[in-house]
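Note: hydrogens, waters and symmetry copies are ignored here, and every other heavy atom, side chains too, is used. All residue numbers in this chain count up from 1 along the given sequence.
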Amino acid sequence: RDNYGYCQLPTDSHESSHEFHLWLQPFRHRFLQDAQPSYSSVIVFVGLRGTAQELGLERCNVWVQQDPVVVFGDTDPLSTPPAVFISSGSAKDPQWPERHPDRSTVVLVTLAKMEWFRQWERLPQGHRGEDYTALKDRFAEAMLEQGLFRAYPSCRGCVEYVQVGTPCSVQHFSGYRDGEIYGLRCDPKRFAWEVTPETFLPGLYLTGQDVLTAGFMGALAAGVLTAC
């Protein structure tokens with residue numbers, strides 16, 4: 001047993017998405033002990049009154065960020081305006097107006113650290129207390145003001161629904177250990193290790209974004225590479 005180690009196999013996200021207790025040779029997979037997970041996020045789901053045309057919502061995704069970009073505050077996560085990713089699924093759906101007339105949806109995403117929410121990760125979903133709710137509300141307000149209303153001023157006064165997800169939410173619903181959303185962190189250390197689909201066990205292959213690089217396209221390309 002001293003000659004083997006614990007390994008977690010990656011799929012479409014960080015290795016914690018699907019854990020397998022396999023005794024694998026540590027020289028081959030010790031990178032999993034050194035590699036760090038990517039950042040997590042705070043996600044704000046917004047329901048709006050009005051059509052995409054009335055609100056000026058675009059089909060393309062939009063980033064709103066200050067210049068120079070400051071991703072995280074030193075102590076307070078909201079001491080600087082967050083960089084906000086904006087996407088409207090309803091604006092991209094040509095059949096949406098028929099199914100949901102006079103309504104639109106938007107999702108806002110900003111990077112976050114699990115450390116900001118660590119004190120609540122062991123508490124049950126929906127019962128994390130007033131301080132947790134207050135922090136979520138702060139994120140929602142900042143992301144609406146610094147993101148949505150800056151990019152689409154016509155949305156101000158039209159918000160009817162707001163739901164906030166945190167790294168604790170991602171951890172709860174998706175099982176990712178630190179609430180990460182893009183697998184292993186794409187830093188030089190991660191790419192210094194040779195990660196291939198093959199393993200020393202015949203017929204056992206790795207796939208997913210951590211075989212190549214982060215994101216949806218990275219996961220698709222890894223699937224092709226593994227199949228070949």
### Task
Step by step, work out the side chain to side chain contact (heavy atoms under 4.5 Å, CB included) result for Phe117 and Val42.
CA-CA 11 Å; Phe117 301 89; Val42 171; 3.9 Å; yes
Correct closest heavy-atom pair for Leu57 and Cys155 would be CD2-SG, 3.9 Å
Value for CG (Leu78) from CD (Gln146), rounded to nearest 0.5 Å, stands at 10.0 Å
- Message: With a 4.5 Å cut-off on side-chain heavy-atom distances among I, L, V, M, F, W and Y, is there a chain of contacts connecting Val84 to Val159?
- Response: yes
Q.
Under the criterion side chain to side chain contact (heavy atoms under 4.5 Å, CB included), I'd like the reasoning laid out for Glu58 against Val62: C-alpha separation, chi angles, the key distance, then a yes or no.
A. CA-CA 9 Å; Glu58 301 172 279; Val62 174; 3.8 Å; yes
Rounded to the nearest 0.5 angstrom, the CE-CH2 distance for Met114 and Trp120 is 10.5 Å
Do Leu108 and Phe85 sit in one hydrophobic cluster, given that two such residues count as connected whenever their side-chain heavy atoms are within less than 4.5 Å of each other, even indirectly?
no
*Considering only NZ, NE, NH1 and NH2 on the basic side and carboxylate oxygens on the acidic side, decide whether Glu180 and Lys113 come within less than 4.0 Å.*
no
Margin query: Run the salt bridge (Lys or Arg N to Asp or Glu O under 4.0 Å) test on Glu141 and Lys136 for me, step by step, so that the C-alpha distance in whole Å, both residues' side-chain angles and the decisive distance to 0.1 Å come before the verdict.
Written below: CA-CA 9 Å; Glu141 181 179 2; Lys136 291 202 306 180; over 6 Å; no
Report task. For side chain to side chain contact (heavy atoms under 4.5 Å, CB included), just list the numbers for Glu160 and Arg103, CA-CA rounded to whole Å, side-chain angles, deciding distance to a tenth of an Å, and then say yes or no. Result -> CA-CA 10 Å; Glu160 294 189 332; Arg103 292 295 184 272; 3.2 Å; yes
- Is Arg118 paired with Glu121 through a side-chain N to carboxylate O contact shorter than 4.0 Å? yes
Determine, step by step, whether Gln171 and Gln125 satisfy the side chain to side chain contact (heavy atoms under 4.5 Å, CB included) criterion, reporting the C-alpha distance in whole Å, the side-chain angles of both residues, the deciding distance to 0.1 Å, and the verdict. CA-CA 10 Å; Gln171 183 189 66; Gln125 177 75 12; over 6 Å; no
Checklist entry - Are Tyr132 and Gln119 close enough that a side-chain donor and a side-chain acceptor fall under 3.5 Å? => result no
Q) Is the backbone of Ile43 close enough, under 3.5 Å, to the side chain of Ser41 for a donor and an acceptor to pair up by distance? A) no
Rounded to the nearest 0.5 Å, the CG atom of Leu48 sits from the CG atom of Leu148 at a distance of 6.0 Å
Review item, side-chain donor-acceptor pairs of residues 86-93, under 3.5 Å, at least two apart:
from	atom 1	to	atom 2	distance (Å)
Ser87	OG	Asn61	OD1	2.8
Ser87	OG	Lys92	NZ	2.9
Ser88	OG	Ser90	OG	3.2
Ser88	OG	Ala91	N	3.2
Ser88	OG	Thr105	O	2.8
Ser90	OG	Thr105	N	2.9
Ser90	OG	Thr105	O	3.4
Lys92	NZ	Asn61	OD1	2.7
Asp93	OD1	Gln95	N	3.0
Asp93	OD2	Arg99	NH1	3.3
Asp93	OD2	Arg99	NH2	2.6

